[in-house]
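Scroll down for the structure; my scribbles are underneath it.
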Amino acid sequence: GQSLEQPSEVTAVEGAIVQINCTYQTSGFYGLSWYQQHDGGAPTFLSYNGLDGLEETGRFSSFLSRSDSYGYLLLQELQMKDSASYFCAVPQNQGGKLIFGQGTELSVKP
Amino acid sequence: DTEVTQTPKHLVMGMTNKKSLKCEQHMGHRAMYWYKQKAKKPPELMFVYSYEKLSINESVPSRFSPECPNSSLLNLHLHALQPEDSALYLCASSQVGAGIIKTQYFGPGTRLLVL
């Protein structure tokens, strides 16, 4: 089976750095993706890690360790607009199927 | 144009009604998806179309009927739904390639309420 675990809620203050962890158990692994979803909005692709290491895109970075079945999303210089749900997801080798974690609700406080 | 559009934004229907949700993309993507999302939960895959052919049906009840009239359009026909089908229905699209599909582009969804 497939399972992804991430914290349900994280709270941080503006300007801070926050890390959202994701551990996975999958039969076959084809990379780890991250999506952001604001309340009432569409999920938006943030990043994809196919290989071990860090991928950086502006204030957001994502890390993968395949040997540990673990990844994280790092958000720096937090802004109020970063308050959203963040989902880790694993693509399957099956026609675009995407398995999502339960999501982490990030609240950024002033 | 990197946008997936969905209509309507909101829909209220009775259990005996028939309605349709529509999705459109003009990114040249040849894979399109329907997801169902309940509040505070992740999106759950329902259907995948690849090159306008149904490639994945995640054991969705027959009261949901997908249709892909062409490479830009995706419909979801609804009939005899139950109140528990109330949810946000998301459409997504992606490229199709030989490797893993890394990115899906989601529309804003249709928020459905079944009375």
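Values below: every heavy atom of this structure, side chains too, minus hydrogens, waters and symmetry copies. Residue numbers start from 1 in every chain, and the chains themselves are labelled A, B, ... in the order their sequence lines are given, proteins ahead of strands.
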- Message: Test of understanding: clusters of I, L, V, M, F, W, Y form through side-chain heavy atoms closer than 4.5 Å, transitively. Do Y33(B) and F106(B) belong to the same one?
- Response: yes

- Task: Could you give me the CA-CA distance, side-chain angles and deciding distance for Y35(B) and L98(A), then say whether side-chain contact (heavy atoms from CB on, under 4.5 Å) is met?
- Result: CA-CA 10 Å; Y35(B) 288 85; L98(A) 198 58; 3.7 Å; yes

- Considering residues, nucleotides and ligands other than K36(B), do more than 12 of their heavy atoms fall under 6.0 Å from its NZ? yes

- Any chance CD of Q25(A) has more than 12 other-residue heavy atoms, nucleotides or ligands included, within less than 6.0 Å? no

- Closest non-hydrogen contact found for F100(A) with P43(B) is CD1-O, 3.6 Å

- Quick one: do Q92(A) and I56(B) satisfy side-chain contact (heavy atoms from CB on, under 4.5 Å)? Show the steps, please. CA-CA 12 Å; Q92(A) 304 293 286; I56(B) 296 178; over 6 Å; no

- Any donor-acceptor pair under 3.5 Å linking the side chain of Y48(A) with the backbone of I101(B)? no

- Query: Checking heavy atoms, do the side chain of T103(B), its backbone, both or neither come under 4.5 Å from chain A?
  - Reply: both

- Check whether any side-chain heavy atom of V48(B) lies under 4.5 Å from a side-chain heavy atom of K97(A), and answer yes or no. no

- Would you name the heavy atoms of P42(B) and G101(A) that are closest together and state the gap between them? CB-O, 3.1 Å

- Message: Run the side-chain contact (heavy atoms from CB on, under 4.5 Å) test on K40(B) and Q102(A) for me, step by step, so that the C-alpha distance in whole Å, both residues' side-chain angles and the decisive distance to 0.1 Å come before the verdict.
- Response: CA-CA 8 Å; K40(B) 306 289 187 188; Q102(A) 290 299 302; over 6 Å; no

- Task: If a pair satisfies ring-ring contact (aromatic ring centres under 6.0 Å, His included) and one of its residues is in residues 53-94 of chain B, list it, with sequence neighbours excluded.
- Result: F64(B)-Y89(B)

- Select one option (side chain, backbone, both, neither) describing which atoms of Y30(A) are under 4.5 Å from chain B's heavy atoms. both

- Message: According to a hydrophobic-cluster definition based on side-chain heavy atoms being under 4.5 Å apart (Ile, Leu, Val, Met, Phe, Trp, Tyr only), do L46(A) and Y24(A) belong together?
- Response: yes

- Check the hydrophobic clustering (I, L, V, M, F, W, Y; side-chain heavy atoms under 4.5 Å; chains of links allowed) and say if F87(A) and L45(B) are grouped together. yes

- Task: Look at atom NZ of K38(B) and say whether more than 12 heavy atoms of other residues, nucleotides or ligands are closer to it than 6.0 Å.
- Result: yes

- Under 4.5 Å between side-chain heavy atoms, hopping through other hydrophobics if needed: is there a path connecting F63(A) to L74(A)? yes

- According to a 4.5 Å side-chain heavy-atom criterion applied to Ile, Leu, Val, Met, Phe, Trp and Tyr, with indirect links allowed, do L73(B) and M27(B) form part of one hydrophobic cluster? no

- Task: Tell me, with the steps shown, if Q104(B) and Y35(A) meet side-chain contact (heavy atoms from CB on, under 4.5 Å).
- Result: CA-CA 10 Å; Q104(B) 292 186 17; Y35(A) 285 80; 3.8 Å; yes

- Non-hydrogen atoms of K102(B) and F45(A) that approach each other most closely: O-CE1, 3.5 Å

- Query: Under a 4.5 Å heavy-atom cutoff, which of P91(A), G103(A), P43(A), G40(A) has the most pairs with chain B?
  - Reply: P43(A)

- Give, as side chain, backbone, both or neither, the part of S85(A) having an atom under 4.5 angstrom from any heavy atom of chain B. neither

